[in-house]
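All figures in this text were calculated on a predicted structure; none of them were measured in a lab.
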Amino acid sequence: MDKSWMHSDRRSKAYEFGVEAFLNFAVENLLTTTHIRCPCVKCVHLKFFGVGIIRDHVYFNGIDQTYKNWTFHGEPWEATTNASRKVEEDDGHGRYSFVSEEIDMDDNDFGDFGSDPYEFANVIGVGDQPVYPGCRKYTKLSTLVKLYNLKAKHGMSDVCFTELLILQGDLLPEGNTIPTSMYEAKKTLCALGLSYEKMHACPNDCILYRKEYEDSTNCPTCGISRWKEGKDSILKEGVPAKVVWYFPPIPRFKRMFQSHETAKSLTWHAARKSIDGQMSHPADSPS
């Protein structure tokens with residue numbers, strides 16, 4: 001199917017005919033007109049709408065031009081299968097472990113987009129693209145993870161990080177795959193399923209303001225206020241004095257068990273029990 005219209009002027013007939021052809025293709029393959037992923041540059045396949053709303057979004061916002069294989073709208077994609085196979089064959093020391101070791105999310109999460117294994121494979125497949133044509137050392141994903149880790153390590157602001165991405169894009173050869181904004185970069189990383197939760201905490205680490213303490217304004221142990229104190233010694237109600245981050249393990253376990261080799265390592269202690277009744281490894285001991 002001709003997809004050159006995606007790069008055409010949105011006011012042109014080619015774009016108009018292309019949008020209609022895309023919507024017809026999606027409806028025919030998904031057999032629905034009410035729950036279709038929106039491919040516009042703002043929704044980037046994360047929101048579901050009817051055909052009419054999607055048509056408006058694609059016209060007003062433009063379509064995501066990196067969406068070359070319409071996998072979310074019924075088109076089979078060999079690269080997705082290859083990406084899934086690579087995840088399964090990963091030995092635990094390659095790209096998969098690199099992401100888990102390097103990334104350090106430090107801003108508001110967009111939610112857990114890691115529940116769909118095909119979406120994860122799609123991200124890995126797109127991330128395998130070289131950061132610029134001919135580059136063999138870095139892929140789009142590895143470059144983005146390195147840059148984001150640098151941002152988290154040195155406390156770089158979102159505005160500064162966006163300007164860094166723009167500068168990197170200008171410095172690299174034409175055709176590079178560097179995102180042009182913090183928003184695009186975070187969408188890519190959040191699709192990996194590295195979600196987290198922020199919780200208010202007592203400044204003295206006595207309690208977390210959750211469950212029975214969720215509505216408390218003072219710590220029941222030391223009595224310190226939950227809220228931050230300003231320079232004028234006035235409490236800023238609604239601004240927590242301390243916030244801790246909780247990284248839910250279940251989404252990470254799901255990611256780890258998607259690889260056969262990693263899953264084998266994770267279950268090794270349970271599967272490696274001795275059969276001769278002798279303890280040859282701590283795995284053989286209840287302790």
Side-chain angles (χ1 to χ4, degrees), residues 1-84 110-111 113-135 139-141 144 162 165-166 168-170 172-192:
M1 182 180 292
D2 180 25
K3 300 175 184 176
S4 59
W5 62 271
M6 297 172 66
H7 304 280
S8 302
D9 191 314
R10 279 180 269 166
R11 296 167 294 183
S12 65
K13 284 291 183 182
Y15 192 85
E16 179 182 347
F17 293 146
V19 170
E20 295 305 318
F22 167 78
L23 293 175
N24 291 335
F25 176 85
V27 170
E28 290 174 3
N29 285 276
L30 302 178
L31 303 178
T32 179
T33 59
T34 56
H35 297 87
I36 299 177
R37 290 180 183 268
C38 182
C40 79
V41 296
K42 289 189 176 180
C43 297
V44 286
H45 318 290
L46 300 175
K47 296 181 180 180
F48 293 80
F49 298 106
V51 171
I53 296 178
I54 291 179
R55 181 184 289 109
D56 292 341
H57 280 207
V58 172
Y59 274 116
F60 290 117
N61 303 329
I63 193 168
D64 176 13
Q65 296 185 5
T66 64
Y67 187 41
K68 297 179 181 179
N69 297 89
W70 298 343
T71 52
F72 293 132
H73 298 86
E75 182 179 19
W77 186 24
E78 184 179 353
T80 301
T81 304
N82 292 340
S84 299
F110 281 88
F113 305 126
S115 58
D116 185 356
Y118 294 102
E119 183 172 356
F120 176 71
N122 185 41
V123 172
I124 294 297
V126 174
D128 270 341
Q129 299 174 356
V131 68
Y132 60 84
C135 179
T139 64
K140 175 184 178 181
L141 184 58
L144 186 54
T162 297
L165 291 175
I166 295 174
Q168 289 275 6
D170 290 339
L172 293 176
E174 188 174 348
N176 67 78
T177 56
I178 291 288
T180 56
S181 68
M182 174 67 196
Y183 179 82
E184 293 180 26
K186 188 177 288 186
K187 283 293 185 184
T188 301
L189 296 176
C190 284
L192 296 175

**Report entry** Residues that Lys3 engages under salt bridge (charged side-chain N to carboxylate O under 4.0 Å, His left out), provided they are two or more places apart
**Finding:** Glu75

Query - Listed partners of Gln168 passing side-chain hydrogen bond (donor to acceptor under 3.5 Å, both in side chains), at least two apart - result: none

Report summary line: For Asp9, the salt bridge (charged side-chain N to carboxylate O under 4.0 Å, His left out) test, sequence neighbours excluded, returns Arg11

Query - Ser4 and Asp2 side chains, donor-acceptor separation under 3.5 Å - result: yes

Query raised in the report: Quick one: does NZ or CZ of Arg37 land under 6.0 Å from the six-membered ring centre of Phe72, within 45 degrees of the ring axis?
Result: yes

Query raised in the report: Is there a donor-acceptor contact under 3.5 Å linking the side chains of His7 and Tyr15?
Result: no

**Report entry** Whether Asp64 side chain and Pro39 backbone form a donor-acceptor pair below 3.5 Å
**Finding:** no

Query - Residues in ring-ring contact (aromatic ring centres under 6.0 Å, His included) contact with Phe25, at least two apart in sequence or another chain - result: Trp70

**Report entry** Which residues share a ring-ring contact (aromatic ring centres under 6.0 Å, His included) with Tyr132, sequence neighbours left out
**Finding:** none

Query raised in the report: Does Ala26 offer a backbone N or O that forms a donor-acceptor pair with the side chain of Asn29 under 3.5 Å?
Result: no

Query raised in the report: Taking all atoms of both residues into account, what is the closest heavy-atom pair of Leu144 and Ala185, and its distance?
Result: CD1-CB, 3.5 Å

Query raised in the report: With sequence neighbours excluded, what pairs up with His57 under the ring-ring contact (aromatic ring centres under 6.0 Å, His included) test?
Result: Phe49

